[in-house]
Amino acid sequence: MQFENERITMNYNFREIEAKWQKFWAENQTFKARNNSEQPKFYVLDMFPYPSGAGLHVGHPLGYIASDIYARYKRHKGFNVLHPMGYDSFGLPAEQYAIQTGQHPAITTEANIKRYREQLDQLGFSFDWSREVRTSDPKYYKWTQWVFIQLFNSWYNKDSNKAEDITDLISVFEKEGNTNVQAVCDDDTPQFSAEDWAGFSDRTKQEILLKYRLTYLADTEVNWCPALGTVLANDEIVNGVSERGGHPVIRKKMTQWSMRITAYAQRLLDGLDTIDWPQPLKDSQTNWIGRSEGAHVEFNVQGSDHKIAVFTTRPDTIFGASFMTLAPEHELVAKITSPEQKAEVEAYVEVTAKRSERDRMADVKTISGVFTGAYAEHPFTKDPVPVWIGDYVLASYGTGAVMAVPCGDQRDYDFAKHFNIPIPNIFEGVDISEEAFADKANTIIANSDFLNGLNFRQATRKVVDELEKIGQGQGKINYRLRDAVFSRQRYWGEPFPVYYVDGMPQMIADEHLPLELPEVEKYLPTETGEPPLGNATHWAWDTQSNTVVANELIDDQTVFPLELNTMPGWAGSSQYFNRYMDPGNDNAIYSEEAIGYWQDVDLYIGGSEHATGHLLYSRFWQKFLFDKGIAPKDEYAKKLINQGMITGTSAFVYKDMDSNKVYSKGLIEGKNTIPIHADVSLVNASDELDIEAFKEWQPDYKDSEFVLEDGKYIVGREIEKMSKSKYNVVNPDHICEEFGADSLRLYEMFLGPLEQSKPWNTAGITGVHSFLKKLWKLYGTVSDTEANAENLKTLHKTIKKVEEDIENFSFNTSVSTFMICVNELTAQKCTSKSILEPLAILVSPYAPHIAEELWERLGHTESIAAAAFPKFDERHLVESSKEYPISFNGKMKFTLELPLDMGKDEIEKAVMAHEKTKAQLNGREPKRVIVVPGRIVNIVG
RNA sequence: GCCUUGGUGGCGGAAUUGGUAGACGCGCUGGAUUCAAAAUCCAGUUCUUUCGGGAGUGUGGGUUCGAUUCCCACCCAAGGUACCA
């Protein structure tokens, strides 16, 4: 039987088809995931977006398309797939907009989300929208606040190496004080006994407990950005200025909430070995955590009780220490400086204080420093060691002081050379007349008393033992990672569930959450410099009614002031992946059943810019939730892929500086021109500018003379980040309108490897679009004719390749494979349903709309989404002969078709007998003939 | 400086264990169709050439019958990070 589908012979009407199936999926909830199933689970997660006012550009959906293909593929493979989406909807831009316009950020955010949803929907993603979360929704941030409270009520026990209840710690204090407690806590935590504890006031007890809690209030040096009126985390600062807006940042002491992420430094490091994440990302996190192994050493200061503590990674070189250097800000500087040196030291300290952190970082070459006049005492030789200050030592790392070993460290070496300080050589057979010798692996210690003859490892162990014996040091592991400041002086963020009694923070009880963000008149800081929440008139906690009440009612008896800071951007994103498992749950962050079923994320796709922010913080929260038995896994994402950035192809016109002329690209040589960005929508595929449209767009050029080449104005091109200010943004809406979502999806994948960054060029989309038209045409006639061997070979080769490609995230090569397949089947005039049916399933993860339509037209009534992935059958690819490449000295000259079952000797005989071989050899006798059956023949000589 | 990733036609890129370099697509050239255009279809397209060939995957070496693939040294680009003691 053969039938011709009338409508399928019509043109490929992608607009109608795509609208139809998007509606179908929404109405039938085709992609709703169940929280229990006989099928194996698979969780595919995208990094949820911040819904910005600019909407999506073509770069944004890249990762979503890839994850959608994977999610759809896994459904075809019989998995129960969780593929959710939501919005990271607290954030700065909506608040900045509110400051400018007075519009409530919630309104802006809602409008932006609506627009995002439209844009996402038109791309045909298989998200389970019933699970949508928004971080700014009180029903959601209730649980962000809840996690904060759990952190507040926990401390880190180094003995068990996990977070435990603060109540357990209190019982220990009551029983035996803190002398035996191995905890991660503040450095200034005092030692006390059980009796001491019993005698402490309630306030003192609270103060001490704050030194242990995993989130705590402390005076910290923070990065303050005056222009934004808020503190910023280290990862929010790029090159010394704010990541958003590029404003200067200064150091300032403020009382802030902090997260004791340093407690997890080692586990965050160790965990990296257990997860399949990209190496560069792991390296970023490893560097950020910055573990260094060494020793803590204390030097007594001669003639005083002061001790200078240093951290060194080279305790083995201690006998080479010929001076010490303190950071100019070091607290001992004022205390130990001799009267004679006082003036000079103070002048130096003042000069460095004036230099910004940026200047100091930029200027690494200039060596500066001052002698304090004080001497420390070498722990072993008891020799005096001069103490200097120098700005190459940073107050914020280690102890802010170093023991300088000029023969083993280049910076110490340069400093010593500059100030004529002796450079004793403590290495065997090493010349240090030109530079320091920092090679640990080849170190043999000399001139070092009991360390002589030892290598780095032996000497380190020995010296640490000796230091411990004399009580002047011990082995230590130092981390670069700092505790994370968790307070922001913003309006549009999660309020802390905290009120203050007598200045001490108190948590609002779980059952009264969420504490909702109050209304304010103005979104700016108050006149007294308090955060925006200081403008709220209803922002006090009534402990009787457990509600928010008017500020006038504050009596510090039953009504107390609430916290005015809000949480940072990463709060809401640190547990959203778990919340998706049970997003509607109002009684728990998620049910045990839900997390018991879904466990963790199987595939997480997102940008690498979150390496040391979100991706580190969320791992920390997960480990904490794991310690508390709230999450079953201590790493939440087994595999992570960073999609590359899609860059823009900016266009330039060249304005002559000396005249009113604007020159075409080919004419600028030797002229004094400056490039001006032109909007990419005004340029065609051949780089030709629409001059009239350009003049209309930039009226400043209305009267300019455009100098053409060959009658055309040709623009210059450059690859840059896609951004509004560079006029190189390409909007997916226009692409969908002109070519359809399936074309856009295919094209984004076709562009190149997922993880690689690559430039966008709209011109190329016609290739994949005409592929879809060819695919459509292929289904114009469908018959029950049995497939022939050729058809089956084409199909099965495609099945094999596409399946391998998806498993390897090599989506670009699948698109080529589809093109080859359709070209071949078209050439074969294939009409067999038994070929076209599985082909539709293969295509469906990539181009789901057209696949659904073709599937329906093949007679199916159910969505293609649940159809089983075609099974690859090796038998269809079996060949009987092979086109052998015949090469001479490794260069292929011609091919020769020979049966595959032919033996080595026969092949050689056949090849040598061939006339082309004789022609190549031209009478020479070959030295050697290499025959690899099934692969190649190579004739040497 | 250090760490990571990468370097292949005019462009995006392909080549799974060392075995026909440039698949697939864009662009370009020529042709068919058309009053014309769009669309579609066909052919060609790494460079070079005296039309026999010759060269060719950032550069220079090496291993091999054979190297885009493995090894060594270097150059360049992108991203991360930085007086980290």
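Each chain gets a letter, A, B and so on, in the order the sequences are listed, and its residues count up from 1. Here the structure is a predicted model, which is why all the values come from computation and not from measurement.
In the set B:G19, B:C24, B:U16, the nucleotide with an atom closest to the side chain of A:Arg935 is B:G19. Checked against B:C24, B:G12, B:C84, the side chain of A:Pro759 finds its nearest nucleotide in B:G12. The side chain of A:Ile820 lies closest to B:A23 when the candidates are B:C41, B:G12, B:A23. Comparing B:U20, B:A23, B:C26 by their nearest atom to the side chain of A:Glu883 picks out B:U20. In the set B:U40, B:A15, B:C24, the nucleotide with an atom closest to the side chain of A:Lys773 is B:U40.
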Side-chain donor-acceptor pairs of residues 275-283 of chain A under 3.5 Å, sequence neighbours excluded:
residue, atom, partner, partner atom, Å
A:Asp276, OD2, A:Lys639, NZ, 3.1
A:Trp277, NE1, A:Ala637, O, 2.9
A:Gln279, NE2, A:Asp283, OD1, 3.0
A:Lys282, NZ, A:Leu272, O, 2.9
A:Lys282, NZ, A:Ile275, O, 2.8

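Every residue two or more places apart in sequence or in another chain was checked for a ring-ring contact (aromatic ring centres under 6.0 Å, His included) with A:Phe311, and none qualifies. Residues passing the side-chain contact (heavy atoms from CB on, under 4.5 Å) test with A:Phe14, sequence neighbours excluded: A:Tyr12, A:Glu18, A:His769. Looking at residues two or more places apart in sequence or on another chain, you find a side-chain contact (heavy atoms from CB on, under 4.5 Å) between A:His610 and A:Met47, A:His614, A:Leu615. Checked against side-chain contact (heavy atoms from CB on, under 4.5 Å), A:Arg15 has the following partners two or more places apart in sequence or in another chain: A:Asn13, A:Glu737. Scanning for salt bridge (charged side-chain N to carboxylate O under 4.0 Å, His left out) contacts around A:Glu435 gives an empty result, with sequence neighbours left out. Considering only residues two or more places apart in sequence or on other chains, A:Glu803 meets the side-chain contact (heavy atoms from CB on, under 4.5 Å) condition with A:Tyr73, A:Lys77, A:Ile799, A:Phe869.
When both distances must be under 3.5 Å, the Watson-Crick or G-U wobble mate of B:C28 is B:G44. The partner of B:A82 is absent, by the rule that a Watson-Crick or G-U pair needs both atom distances under 3.5 Å. Under the Watson-Crick or G-U wobble criterion, with both distances below 3.5 Å, B:A77 is paired with B:U5.
For the segment residues 742-757 of chain A, the set of residues with a heavy atom within less than 4.0 Å of an atom of RNA chain B comprises A:Phe750, A:Leu751, A:Pro753, A:Gln756, in numerical order.
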Quick test: give all pairs of protein nitrogen or oxygen and nucleotides 43-53 of chain B nitrogen or oxygen below 3.5 Å, distance rounded to 0.1 Å.
none

Please write out the pairs of protein N or O atoms and N or O atoms of nucleotides 59-68 of chain B separated by less than 3.5 Å, giving the distance to one decimal.
residue, atom, partner, partner atom, Å
B:C65, OP1, A:Arg928, NH1, 3.2
B:C65, O2', A:Asn938, ND2, 3.1
B:C65, O2, A:Asn938, ND2, 2.7

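Straight-line distance between the P atoms of B:G30 and B:A78: roughly 38 Å, to the nearest whole Å. A gap of 33 Å separates the P atoms of B:A32 and B:G53, to the nearest Å.
Sorted by first and then second residue, the salt bridge (charged side-chain N to carboxylate O under 4.0 Å, His left out) pairs involving residues 744-766 of chain A (not counting sequence neighbours) are A:Asp68-A:Arg745. Within the structure, salt bridge (charged side-chain N to carboxylate O under 4.0 Å, His left out) contacts touching residues 884-899 of chain A (residues at least two apart or in different chains) do not occur.
The separation between A:Asp283 atom CG and B:U4 atom P is 6 Å, rounded to whole Å.
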